[in-house]
Colleague: 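Here it is, the structure in full.
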There are 2 protein chains.
Amino acid sequence: MNSLTEENYLKALFNIANETGEVNVAELSKRLEIKMPTVTSMMKKLSEKKLVHYESYKPLQLTDKGKKEAGLIIRKHRLTEMFLVDKMKLGWEDVHDIAEQIEHIQSPVFFEKMDELLGYPKVDPHGSPIPDKNGKVVWKEYNKLSDCKVGETVKLAAVINTSSGFLKFLNTREMRLGLKIKIKSIEAFDKSITVSYGKHQAEALSNIVCERLLVEKQ
Amino acid sequence: MNSLTEENYLKALFNIANETGEVNVAELSKRLEIKMPTVTSMMKKLSEKKLVHYESYKPLQLTDKGKKEAGLIIRKHRLTEMFLVDKMKLGWEDVHDIAEQIEHIQSPVFFEKMDELLGYPKVDPHGSPIPDKNGKVVWKEYNKLSDCKVGETVKLAAVINTSSGFLKFLNTREMRLGLKIKIKSIEAFDKSITVSYGKHQAEALSNIVCERLLVEKQ
DNA sequence: GTAATAAGTTAGAGAAATCTAACAAAATTT
DNA sequence: AAATTTTGTTAGATTTCTCTAACTTATTAC
Ligand SMILES: [Mn+2]
Ligand SMILES: [Mn+2]
Ligand SMILES: [Mn+2]
Ligand SMILES: [Mn+2]
């Protein structure tokens, strides 16, 4: 059994590896807001437990065992987020902080019931894939809205940044996952994009926003 | 903010006081499965935080502040149990261990939503009262089934022992809260009681069982 | 009312998770 | 290639929560 602290390290290792490929002590330290010497000693501990491959000055790597355990924690996190949105009617901007806590609950039956009630969902409310019961996760290849061309019609599939602030911004524009979006024009100067969707005929979105919206081409 | 450990001490103090009136170090130590010297030092700490009145060799007492905080944790516990049974379709014998963990979740909105979805319940699945938003709890006066007379018809209102084993036993006899039970006879020798209810015409219940069943007279 | 037992405290130590200060290695810049 | 900066490690201390051993106080038994 891993402690809550160890679980948070595993999850961070898994997430950073999925985002940037390689994980180093400095990045992990920044992500967890824990000083580097503390991270180093935890890496030694997780190495003892065969969850991490650790060698001084080398990039950090989860073992297969570590990947599986991390995947299962993320599974609990994302199932929880889905449950909170679908069954408890909380906003997608409110669920992350609660899921950060509930992901550590030890109770297979609790999460199996969640999964069942939700109808075995494949993605969470932010479009992130839910790892399977072996902790395995398959990422679909999406495009950033900022990489699309004028005239294309795309479907909003996922959001990269899941900060409450960003999600609340999307709420004000009535943007939801599954939304069909048409690219009307792109401003060369600042790469902002004007799109139309639903009742919105011409909504201007900054490049910063468009880089955080993942879409599927139709 | 109190730590998870502190919360568990507060809750135990509250529960023991409600069961037996007075709380002493030995009882608290037994309940929490923590050695007495550890309990003593935690009492000093909680006393510092104005949550417990502590004097050497005197009975332990929660302050008003301590009672409120304990009541609010128990509120979260019992709301959770109700949610797990009513909304997640888990058995009343399965929910306590999960609630023991979820009661420590920090998220007012999460528990308010639970309360709302449940329609502001007053009791949990075991018949225990749910403290209000100020941590206040009012116990109804129930009778033990073992104290009833032959010929009386009573309603099952609560169970005292909420161990999974006892609740599974009640399941095998199809006994639920709200059930109307008629006392048919009492065996003088061992104080076992024969009752009828639902489809059950004559079910013999040992005194040990009857002492754990709280009923309301009709 | 003394002896035995139970309950409670003090003292000291250990595990887990964190920190700061100082040093060492690696990468980057010039 | 030397200097500088970034990254990572070691050493030692701190906080929280726990324990055991030894001692003290209170209660119960005789
Ligand atoms: Mn999340
Ligand atoms: Mn998510
Ligand atoms: Mn319970
Ligand atoms: Mn209960």
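We name chains A, B, ... by the order of the sequence lines, and we start the count at 1 in each one.
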Colleague: Once you round it to whole Å, what is the distance between P of C:dG14 and CD1 of B:Ile34?
Modeller: 21 Å

Colleague: Taking only the side-chain nitrogens and oxygens of B:Thr38, find out if one of them lies under 4.0 Å from OP1 or OP2 of D:dC17.
Modeller: no

Colleague: Tell me the interatomic distance from B:Met42, atom CE, to D:dT15, atom P, rounded to whole angstroms.
Modeller: 16 Å

Colleague: Please list, by residue number, the residues of residues 2-11 of chain B whose heavy atoms come closer than 4.0 Å to an atom of DNA chain D; answer none if no residue qualifies.
Modeller: B:Ser3, B:Thr5, B:Tyr9

Colleague: Taking atom C1' of C:dA16 as reference, at what distance in whole Å does atom CE of A:Met43 sit?
Modeller: 15 Å

Colleague: Which whole-number value in Å describes the distance from A:Lys45 NZ to C:dA15 C1'?
Modeller: 9 Å

Colleague: Just one of B:Val159, B:Val209, B:Leu213 clears the side chain to side chain contact (heavy atoms under 4.5 Å, CB included) bar with B:Met175, so which one?
Modeller: B:Leu213

Colleague: Could you grab the distance from atom CG of B:Leu170 to atom CZ of B:Arg176, nearest 0.5 Å is fine?
Modeller: 9.5 Å

Colleague: Answer with yes or no whether the side chains of B:Trp92 and B:Asp124 bring together a donor and an acceptor at under 3.5 Å.
Modeller: no

Colleague: Closer than 3.5 angstrom, by distance alone: can the side chain of A:Glu81 be matched with the main-chain N or O of A:Ala99 as a donor-acceptor pair?
Modeller: no

Colleague: Against A:Arg75, only a single residue in A:Asn134, A:Asp115, A:Asp132 fulfils side chain to side chain donor-acceptor pair (under 3.5 Å); can you say which?
Modeller: A:Asp115

Colleague: Decide side chain to side chain contact (heavy atoms under 4.5 Å, CB included) for B:Val154 and B:Asn143; before the verdict, give the C-alpha distance in whole Å, the side-chain angles of both, and the deciding distance to 0.1 Å.
Modeller: CA-CA 9 Å; B:Val154 296; B:Asn143 300 286; over 6 Å; no

Colleague: More than 12 heavy atoms of other residues, nucleotides or ligands under 6.0 Å from NZ of A:Lys168: is that the case?
Modeller: no

Colleague: Side chains of A:Glu103 and A:His77: do they bring a donor and an acceptor to under 3.5 Å?
Modeller: yes

Colleague: Send over the distance from A:Leu46 CG to C:dA17 C1', rounded to a whole Å.
Modeller: 12 Å

Colleague: Scan nucleotides 8-13 of chain C against the protein and return all N/O pairs shorter than 3.5 Å with their distances rounded to 0.1 Å.
Modeller:
residue: C:dG8; atom: OP2; partner: B:Val25; partner atom: N; Å: 3.4
residue: C:dG8; atom: OP2; partner: B:Ala26; partner atom: N; Å: 2.6
residue: C:dT9; atom: OP1; partner: B:Tyr54; partner atom: OH; Å: 2.1
residue: C:dT9; atom: OP1; partner: B:Tyr57; partner atom: N; Å: 3.3
residue: C:dT9; atom: OP2; partner: B:Thr40; partner atom: OG1; Å: 2.6
residue: C:dT9; atom: OP2; partner: B:Tyr54; partner atom: OH; Å: 3.4
residue: C:dT10; atom: OP2; partner: B:Lys44; partner atom: NZ; Å: 2.2

